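This report concerns only the one structure given below.
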Amino acid sequence: MTSSTTSDAQGSSQGTGDSSAPVIVDWPTAAAPRGGATASDHLLDGLNPQQREAVEYRGKALLIVAGAGSGKTRVLTHRIASLIENREAWPSQILAITFTNKAAAEMRERVEDLLGGRTEGMWISTFHSACVRILRREAENVGFSKNFTIYDSSDSRVLLKRIIKRHDADMFGFTPANASARISKLKNELADADGYARNANMSDPNEVAFVEIFRDYQRELQRASAFDFDDLIAQTVYLFRAFPQVAALYQKKFRYVLVDEYQDTNHAQYSLIRELTREPEGDGFLPGTLEGASLTVVGDSDQSIYAFRGADIRNIVEFERDFTGAKVILLEQNYRSTQNILSAANAVISNNFDRKDKKLWTDIGDGDKIIGFTGYSGHDEAQFVADEIERLHRNGVAYGDVAVFYRTNAQTRALEEIFVRSALPYKIMGGTKFYERAEIKDAFAYLTAVMNPADELAVRRIINTPKRGLGPATITQLASFAENAETTLRESLREASTLGFGPKVTRAISDLSAVLDEAVALADAGRVSEVLTTLMQKSGLIDSLRMSRDPQDEARAENIDELVAVTKEFERNNPDGTLLDFLTEVSLVAAADDLDDASGTVSLMTLHTAKGLEYDSVFLTGIEEDLLPHRMSANEPGGPSEERRLFYVGITRARKRLFLSLAMTRAQYGETAVAMPSRYLQEIPAELIEWRQSPGSVNSRGGTQSRALNANRWSQTRGTDAAALPRAEKKEWPNKVTNSVRDNGDLELAAGDRIRHTDFGEGRVQNVTGEGTKRVAHVQFDNAGAKKLLIKIAPIEKL
DNA sequence: CTTCCCTACATTTTT
DNA sequence: TGTAGGGAAG
C-alpha cells in the first residue's frame, strides 16, 4: 500500500497549479542537446548501450520495446532519476503510470533509492488511482461530489441484478455478470448508453433491453454519486474533453509522462494518455506557448495478457504511426533467466504467428534443466510442489525466492491444503479474499454510508444488517418514498416516523439513522478507527456476531477486529488521512498489495498477478488443456494466443529454476475430471525438460488411455525416470488426499517416535519444532522421504 | 420477518 | 465445493 497516494494533500488545482513547480519560461526543449557535465553518470553505469540510450534520449515520444527481464523497470527508474538529477524536471512534473499498485510501489521505492528520497510530489501510481485523484480534486468544479464512492465489480453486479429484475430482462438472458461485462467493454471504448443506442439495431428487443439496462445502471450510479472502475478512467477523459481549462492544468503540470506495460492499455487509457500529453489550450495558454508533455511508453507485445479487459495491442504496435517522430528502442538482452529458460520461452512464443520476431538472449549460461512433473491429482501435484520447495529450502534457497503460479484462483485450494499440512510458509498474493468477505463488505457499507449518504447500495446493504426486522417490504417502501420525494434512501430513514410504519420498525429505522448521524459527526473530527468501532458497536453488528451460535460468526467478528487493526495501521501511515482517503485506498488497492511481509514465505499467485515480478525458483502448475489454455478462452478470437503469452509470461519470471507441473485428473466442483497435458508443453524442446512422473499414475483409472495423443512424447522421457523411482512408493502414496477434519492438538510427539500417516505410510520423527498449534514434526518416512507435517492437522497416528 | 431446507448452478484472468 | 435463491413453515 502506497501511503503516498493518499497522504499527499496538495490543494485543489483551481489555483495556479503546484507552487513547487518552477515557472516555465525557458524550459529546455525536449530535443535540445544537454550541454555540460551531467550529474547522472552513475545512472548510466552498468547499463548496456540500448538501455543507456533509453535513459538518455530526449524527445517528444519514446517507445521502449522491452522483452521480459531486459531491465525495463531499471531503465524507467533511471530515466526518471536522470530527469530529476539533470534538473530537467521537478518531481511534481513527472507522472509515471503502472497497472498494478505493486508495480507502482516498487517503482517509487527504486526511484527513491536512486534519488535519495527526492520524490515528493511525483505521481507514481496506477491509472485508476491517478484518475481518482484528478476526479476528487476537480469534482466540485465540474459538478459532482468529491465524496463519490468507487464501486467494485461485485457492487456493480448487485446494482445490475436489481435493474435486470426491474426490467424482467432475465428473460432475454441477461445476467448481472454478462451485462456487467458488456457495459465494461463499452466503457473501455468510451461509449455511453446513448452512443451505443445510436449504432444498435433497435428493432431487436434484446438490444433495446440492454440499452435500457445500461441507461438505468448509469443513472443509478449517478444518483448514488458512484463510479465503477471503468468510469474512473472514462470520466476523467470526458472531464478533460469537456473542460479544456481543467485539462490544461494537468497538461501543464506533467511535463514527462511515462507509461509502463503499454501493451495492456485499452482505448480509454490510451485516450487519457493522449489528453494528458496534448498541447495545453484554454485560459491563459497561447497556442504554441508550451508543447505537450514528453511521453515514454514501455511494453512488450508478447506480454499482452489483458485483451479480456479491453487491452488493445494496436496501441503499442501502432505507436510510431500514432506519435510521429517517435523513437523506438529495443531491449533484447535478458538479465534474469538462464538460457534454458529463455530457450523454452522463445520456443513457446514463436508459435504465435502475428508477431514481430524477437529473441531473448543471455550470457548467464544454460543453467539447470526445467523439471516437469505429472501428478495424478491436483493434490498430488501440490505435494510435489511442496516437496520440491522443501528440498530447495534444505539446499539453502529462501522461501521468499520461490513462487507458485496458476491460471485460476480455484487452484489455490489444493495447494493451500497441502502447504498448510506441510507447514510450508506461504502467502497468497492478489487474492482479495479478505475484502470480499460479507462481514467486511458490511463494515465498509457502513463507512460508505457515512461518507456518501447518497450511496443507496451501501444503505441498502446495512439497512437490515444485523437483522433488525426490516425486510424487503419495508425497504421497498422506504425506497419508493425516496423516489417520490426526490431524495435519497438515507434521507427517508430520517423521515421514518412520518411514514406510518409500526412502532417497532420505526424505532429500528430511527436507531440506525441516529447511529449513522453520530458517525458522520465523528468522521468530521475523529479518526477512522473510531468511526468504525462506533459503527460496529452501536449498530449492533459486532454483538450480533459475538452472540451468534453459528460457530463461523466468531471468525467473522475476528475479521472485523482485524479490519479495525487495518484502520489503525492506516492512521499510523497517514496521520492526516480521512475516512475518504481510507475508503479510496482500500477500493483501489487489493489487500494483497502490501508486499512488505512477503519475505520469508513462498508466494502464490495467478499468472496475471505474476507479470512484472521475478523469482529464483518458479513453479508453473496446472499446465493442462482447459486450464491453460483455459476452456473459456478457446472460442474467443485470439484466445489461444493470449493464453500462450500468459504461459510465456510465467516462464520468463524464473531466474534459475523452473518447474512445470500438471495433474492427470483435476477436481472441479466436487467432481474429478480427466485432464490432458497442455498443447503448449509440446512446444518446448524435449531436451530442455527433465520429466519426472507421478508414482501411481500409470495404471490408474482413466489416465493412460486418454493421453494416447501425447503418448510418443510422454513415453520418450518417461521410461527412465519412472524407473528411477521406487515402485514401493506407488502403493504408499495414494491418489487422494484425505480431507477428513482432524485435530491432533493434544498429540505429543518426540524425536524417535514411530508414526503412521494415511498418505505417506510409516516413518520416524526426527525432530519437533514450533509451539502450540503450530508444532511441526520433521519426519523421515520409510518410503515417501522426508516431510514436515503440521501436527495439529496431519492425518497421523503414533505407533 | 426470519429461519431452514432444498435445488440449481457456477468458476478466467484485474483495477 | 460452496453459495445463492426459492419456497415453506414458524
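Note that this is a predicted model, so its numbers are computed, not measured. Throughout, a chain's letter reflects where its sequence line sits, starting with A, and its residues are numbered from 1.
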Look at the side chain of [X] and decide which nucleotide, out of [options], has an atom nearest to it.
{"X": "A/T606", "options": "B/dT14, B/dT2, C/dG6", "value": "B/dT14"}
{"X": "A/H608", "options": "B/dT3, B/dT13, B/dT15", "value": "B/dT13"}
{"X": "A/T126", "options": "B/dT15, B/dT12, B/dC1", "value": "B/dT15"}
{"X": "A/H630", "options": "B/dT12, B/dT15, C/dG6", "value": "B/dT12"}

Problem - Residue closer to the 5' end of DNA chain B, A/R157 versus A/P472 (nearest nucleotide) - result: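 Closest to the 5' end, via its nearest nucleotide, is A/P472.
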
Pairs under 3.5 angstrom only: tabulate donor-acceptor contacts from the side chains of residues 499-507 of chain A to other protein residues two or more places apart or in another chain.
| residue | atom | partner | partner atom | Å |
| --- | --- | --- | --- | --- |
| A/T506 | OG1 | A/F501 | O | 3.2 |
| A/T506 | OG1 | A/G502 | O | 2.7 |

Handout entry: Aromatic centroids of A/Y217 and A/Y151 separated by under 6.0 Å
Key = no

Problem - With sequence neighbours excluded, residues passing ring pair (Phe, Tyr, Trp, His ring centres under 6.0 Å) with A/Y648 - result: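 A/Y648 satisfies ring pair (Phe, Tyr, Trp, His ring centres under 6.0 Å) with no residue once adjacent residues are dropped.
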
Exercise for the section: Measure the acute angle between the ring planes of A/F240 and A/Y250, then classify it against the limits of 30° and 60° as parallel, tilted or perpendicular. Expected result: tilted

[N] OP1/OP2 closer than 4.0 Å to side-chain N/O of [X]:
{"X": "A/S153", "N": "B/dT15", "answer": "no"}
{"X": "A/T474", "N": "B/dC1", "answer": "yes"}
{"X": "A/T609", "N": "B/dT14", "answer": "yes"}
{"X": "A/N409", "N": "B/dT13", "answer": "yes"}
{"X": "A/N464", "N": "B/dT2", "answer": "yes"}

Handout entry: Structure string for DNA chain B in dot-bracket form, Watson-Crick and G-U at under 3.5 Å, | interchain
Key = |||||||||......

Exercise for the section: Could you list the residues that satisfy side chain to side chain donor-acceptor pair (under 3.5 Å) with A/E439, not counting sequence neighbours? Expected result: A/N559

Exercise for the section: Could you list the residues that satisfy side chain to side chain donor-acceptor pair (under 3.5 Å) with A/N464, not counting sequence neighbours? Expected result: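 So A/N464 forms no side chain to side chain donor-acceptor pair (under 3.5 Å) with any residue.
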
Exercise for the section: Determine if A/F229 stacks with B/dT14; use a centre-to-centre distance below 5.5 Å and an interplanar angle below 30° as the criteria. Expected result: no

Handout entry: Any residue meeting salt bridge (charged side-chain N to carboxylate O under 4.0 Å, His left out) with A/R666, in chain and number order, not counting sequence neighbours
Key =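 Salt bridge (charged side-chain N to carboxylate O under 4.0 Å, His left out) list for A/R666, sorted by chain: A/E381, A/E624.
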
